[in-house]
*Asks:* 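Got a structure for you, written out below as structure tokens; questions coming shortly.
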Amino acid sequence: MINEINKAYLKIYAEEEASATIKTIPIEKRTTLYNRNDTNGKYGIWGHDIEDLMLAQIEIYETPDKKLILALITES
């Protein structure tokens, strides 16, 4: 399950970069900003690079019709 979650996050970050016209400033070129800059892609990711994220918890909920919902709690 962890590998699939990792693949999904990598895909989200790649889609963000591909769809954004404001690109992510590379870490080595950031001067006044430590965190990831705002981008305007499909997901509007800002604040943390993919390398900063850590999966802290997975909460599992069951709906009345017996479907499972996973809530991913990430930290940085």
*Asks:* State whether the side chain of T39 and the backbone N or O of I22 hold a donor-acceptor pair below 3.5 Å, judged by distance alone.
*Replies:* no
*Asks:* Grouping I, L, V, M, F, W and Y whenever their side-chain heavy atoms are under 4.5 Å apart, do I2 and Y13 come out in a common cluster?
*Replies:* yes
*Asks:* Please tell me whether I27 and W46 are part of a single hydrophobic cluster in this structure, the criterion being side-chain heavy atoms less than 4.5 Å apart.
*Replies:* no
*Asks:* Count I, L, V, M, F, W, Y as connected when their side-chain heavy atoms are under 4.5 Å apart, and connections chain through other members. Are I25 and I50 then in the same cluster?
*Replies:* no
*Asks:* Can you name the salt bridge (Lys or Arg N to Asp or Glu O under 4.0 Å) partners of D49, sequence neighbours left out?
*Replies:* R30
*Asks:* Should we count CE of M54 as having more than 12 external heavy atoms under 6.0 Å?
*Replies:* yes
*Asks:* Hey, is the main chain of T21 close enough, under 3.5 Å, to the side chain of N40 for a donor-acceptor pair?
*Replies:* yes
*Asks:* List the residues meeting salt bridge (Lys or Arg N to Asp or Glu O under 4.0 Å) with K42, not counting sequence neighbours, and say none if there are none.
*Replies:* E15
*Asks:* Do you know the tightest heavy-atom contact between E16 and G44?
*Replies:* OE1-N, 2.9 Å
*Asks:* Quick check: is L70 connected to L55 through a chain of hydrophobic side chains (ILVMFWY, heavy atoms under 4.5 Å apart)?
*Replies:* yes
*Asks:* If every non-hydrogen atom of Y9 is compared with every non-hydrogen atom of T74, which pair is closest and at what distance?
*Replies:* OH-CG2, 3.2 Å
*Asks:* On a heavy-atom basis, which atom in S19 and which in G41 lie closest, and how many Å separate them?
*Replies:* OG-CA, 3.3 Å
*Asks:* Is it true that L72 and I60 fall in one hydrophobic cluster, defined by side-chain heavy atoms closer than 4.5 Å?
*Replies:* yes
*Asks:* On a heavy-atom basis, which atom in L53 and which in H48 lie closest, and how many Å separate them?
*Replies:* CD2-CB, 4.1 Å
*Asks:* Drop me the distance from E17's CD to K23's NZ, to the nearest 0.5 angstrom.
*Replies:* 5.0 Å
*Asks:* Can you tell me how far the CD atom of E62 sits from the CG atom of L68, to the nearest 0.5 Å?
*Replies:* 6.0 Å
*Asks:* Between CD1 of I69 and NZ of K67, what distance do you get to the nearest 0.5 Å?
*Replies:* 9.0 Å
*Asks:* Are T24 and N37 linked by a side-chain donor-acceptor pair shorter than 3.5 Å?
*Replies:* no
